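Just so it is clear: chains get the letters A, B, ... in the order the sequence lines come, proteins before strands, and each one is counted from 1. Just so it is clear, the structure is predicted and the values come from calculations on it, not from any experiment.
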Amino acid sequence: MNRVKIKQILDTDKNPGKVLIKGWIRTKRDSKEFSFLEINDGSSLKNIQVIAQNNLDNYEDVTKLTTGSAVSVKGEVVESPGKGQKWEINASELDVVSIAPETYPLQKKRHTDEFLRTIAHLRPRTNKYGSVFRIRSELAYAVHKFYNEKGFRYVHTPIITGSDCEGAGELFKVTTLDGNDVEKGKFNYEKDFFGKETNLTVSGQLSAEMFALSLGDVYTFGPTFRAENSNTSRHVAEFWMIEPEMAFCDLEENMNHAEEFLKYVTQHICDNCADDINLFTQFVDKSLKGVIDSILNSKFKRLPYDEAIEILKKADQKFEYEVEYGLDLQSEHERYITEKHFKIPVFIYNYPKTIKPFYMRINDDNKTVAAMDLLVPRIGELIGGSQREERLDRLLDRLKEMDLPVEDYWWYIDSRKYGTVPHSGFGLGFERLIMLLTGVTNIRDVIPFPRTPSSIDF
RNA sequence: UCCCCAGUAGCUCAGUCGGCAGAGCAAUUGGCUGUUAACCAAUGGGUCCGCGGUUCAAAUCCGUGCUGGGGAGCCA
């Protein structure tokens with residue numbers, strides 16, 4: 001007899017008859033003559049209720065089953081006379097696959113996220129985390145589906161890189177040297193595996209640009225590493241980033257694309273993860289429905305940086321940090337704009353060039369660059385992107401202006417020498433997207449095994 | 001890295017002015033009418049985060065370290 005997934009039974013309208021299921025016991029209620037077992041196999045948030053009568057050969061074993069134990073059940077699907085479920089299974093055979101001893105840490109009650117983080121290897125067995133990771137999987141699929149339908153190519157940019165190209169934050173060193181090769185606290189990179197300083201990637205962008213300038217529209221979707229000593233609910237050292245890069249694309253089209261992307265993947269999980277989303281709207285964030293509605297049904301606000309400064313200056317709210325043209329926006333400013341002022345996702349664009357990296361395209365005013373950030377309620381910056389500087393002379397000027405080693409960028413510069421075209425792209429933090437769409441407030445709770453400063457337990 | 005808060009049973013927490021270590025849930029055992037975080041009863045369960053100090057006496061006061069959380073910076 002072939003095993004069926006519990007989701008298949010719960011989703012069906014007509015009785016599937018005799019079935020075989022396998023899963024874990026979430027809870028058990030005993031009566032004198034029989035037991036109710038709630039079985040979950042991870043295929044859905046919902047459990048299926050199994051009735052085990054005391055006439056089973058091994059009923060003695062069944063009564064010893066505990067929360068967390070694994071079982072295999074054969075039985076007839078029947079309409080449930082009880083409330084709370086349509087179908088249940090009358091067990092005709094119930095095999096114990098394994099018993100979880102009484103030390104099993106997950107109980108039939110709410111646990112705090114902090115406690116569950118200390119048992120990250122077991123937390124996907126809870127309702128909330130099961131839902132988080134089903135949605136994470138479905139969102140990843142939606143990303144690929146979206147890009148596939150739009151004719152984008154998926155590019156695997158390197159994870160080990162030989163350049164500190166963007167100077168973006170602290171990098172994780174990659175080395176095969178041991179202590180004996182390190183003299184006076186200095187690495188002799190010539191003796192190292194690659195013969196030069198090597199790091200984990202902080203962004204696939206520069207590589208992706210090379211492929212956009214050949215395959216047209218491309219995207220990357222992979223792990224990214226930042227060794228910043230950041231201790232916040234929005235930062236981890238290893239996270240996943242989605243980076244589209246589009247040839248013949250200006251800043252406005254870039255924003256159009258970002259908006260279309262966000263609406264598409266949001267709609268996808270609304271269509272495919274209704275139960276899981278429902279759990280979050282009920283138990284995690286009551287305002288989640290409004291957030292999702294604002295993504296699906298609003299036209300995202302597009303606001304030039306200088307107008308954002310004006311709005312903040314006029315705001316009837318005291319900010320801890322100064323608002324002044326030429327200064328970067330602080331968290332409190334971003335949240336005011338997206339949460340209080342507009343209450344929908346907001347693109348801020350055309351930032352002063354002094355606060356943005358070398359590769360962003362200089363605007364005609366020579367003061368601003370064609371950069372854009374997408375701010376969303378509760379998260380702040382979800383997307384950071386720009387139109388790239390495609391003009392060779394301007395790019396070289398910028399590199400020199402920012403005192404960057406031009407020779408290290410020889411291959412990047414080559415792309416502006418040969419067949420250069422306007423192009424644009426952005427980076428989107430995958431975990432922040434999951435936070436946005438689930439209402440989960442700590443990034444450590446939307447990635448299976450989070451890596452943060454002094455914490456790599458699993 | 002900076003600022004603030006917390007650490008007591010497996011979990012969530014209470015513990016007054018420094019004076020015998022507590023509750024609910026969980027677990028274990030038994031009971032029970034088709035239950036829904038089932039219900040009822042009994043039982044077991046402690047390095048009060050570590051180290052040092054003050055005191056006749058410290059979970060409680062002081063110092064220090066560690067861990068966790070919230071916020072900031074950095075960013076996605």
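Residue Phe115(A) is classed as a sugar-phosphate contact, given heavy-atom separations below 4.0 Å to backbone atoms only. Ile379(A) comes within contact range of no nucleotide atom at all, as no heavy-atom separation falls under 4.0 Å. Val236(A) comes within 4.0 angstrom of a base, heavy atoms only. Across all strands shown, Thr27(A) has heavy atoms under 4.0 Å from sugar-phosphate atoms exclusively, and none from any base. Nucleic acid contact class of Ile383(A) (heavy atoms, under 4.0 Å, all strands): sugar-phosphate only. Residue Thr224(A) is classed as having no contact, given no heavy-atom separation below 4.0 Å to the nucleic acid.
Taking side-chain N and O atoms only, Ser233(A) has a distance below 4.0 Å to OP1 or OP2 of G71(B). For Thr232(A), no side-chain nitrogen or oxygen approaches OP1 or OP2 of G70(B) to under 4.0 Å. The phosphate of A37(B) has neither OP1 nor OP2 within less than 4.0 Å of any side-chain N or O from Asn127(A). A close approach under 4.0 Å does not occur between any side-chain nitrogen or oxygen of Ser230(A) and OP1 or OP2 of C74(B). OP1 or OP2 of A72(B) sits under 4.0 Å from a side-chain N or O of Arg234(A).
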| field | Under 4.0 Å protein heavy-atom contact, by nucleotide of nucleotides 40-50 of chain B - B base, S sugar-phosphate only | value | -----------
| task | Sugar-phosphate atoms are those with a prime plus P, OP1 and OP2; base atoms are the rest. Using that split, label each nucleotide of nucleotides 24-36 of chain B B, S or - for protein heavy atoms under 4.0 Å, 5' to 3'. | result | BSSSS---BSBBB
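Across all strands shown, C39(B) forms a Watson-Crick or G-U wobble pair with G31(B), both key distances being under 3.5 Å. Applying the Watson-Crick and G-U wobble criteria (two distances, each under 3.5 Å), U12(B) pairs with A23(B). Applying the Watson-Crick and G-U wobble criteria (two distances, each under 3.5 Å), G68(B) pairs with C5(B).
Using a 4.0 Å cut-off between charged side-chain N and carboxylate O, Arg234(A) and Glu431(A) make no salt bridge. We find that Glu381(A) and Arg432(A) are not joined by a salt bridge, their nearest charged nitrogen and carboxylate oxygen being 4.0 Å or further apart. A salt bridge links Glu259(A) with Lys263(A): the distance from a Lys NZ or Arg NE/NH1/NH2 to an Asp or Glu carboxylate oxygen falls below 4.0 Å. Checked for salt-bridge contact, Arg398(A) and Glu401(A) meet the test: a charged N lies under 4.0 Å from a carboxylate O. Salt-bridge formation is not detected for the pair Asp113(A)/Arg123(A): no Lys NZ or Arg NE/NH1/NH2 atom is positioned less than 4.0 Å from an Asp or Glu carboxylate oxygen.
The side chain of Asn231(A) sits closest to A72(B) out of A72(B), C75(B), G69(B).
The stretch residues 77-88 of chain A participates, sequence neighbours left out, in these side-chain hydrogen bond (donor to acceptor under 3.5 Å, both in side chains) pairs: Gln49(A)-Glu88(A), Ser80(A)-Gln85(A), Ser80(A)-Glu88(A).
Taking the six-membered ring where tryptophan is involved, the planes of Tyr305(A) and Tyr351(A) are tilted, since the angle between them lies from 30° to 60°. Using cut-offs of 30° and 60° on the angle between ring planes, the pair Phe358(A) and Tyr412(A) is perpendicular. Aromatic ring pairs are classed by plane angle as parallel below 30°, tilted from 30° to 60° and perpendicular above 60°; the pair Phe261(A) and Phe426(A) is perpendicular.
If you check distances only, the side chain of His111(A) never reaches the base of C11(B) with a donor-acceptor pair under 3.5 Å.
Comparing Ala237(A) and Ser454(A) along RNA chain B, the residue whose closest nucleotide (by nearest heavy atom) sits nearer the 5' end is Ser454(A).
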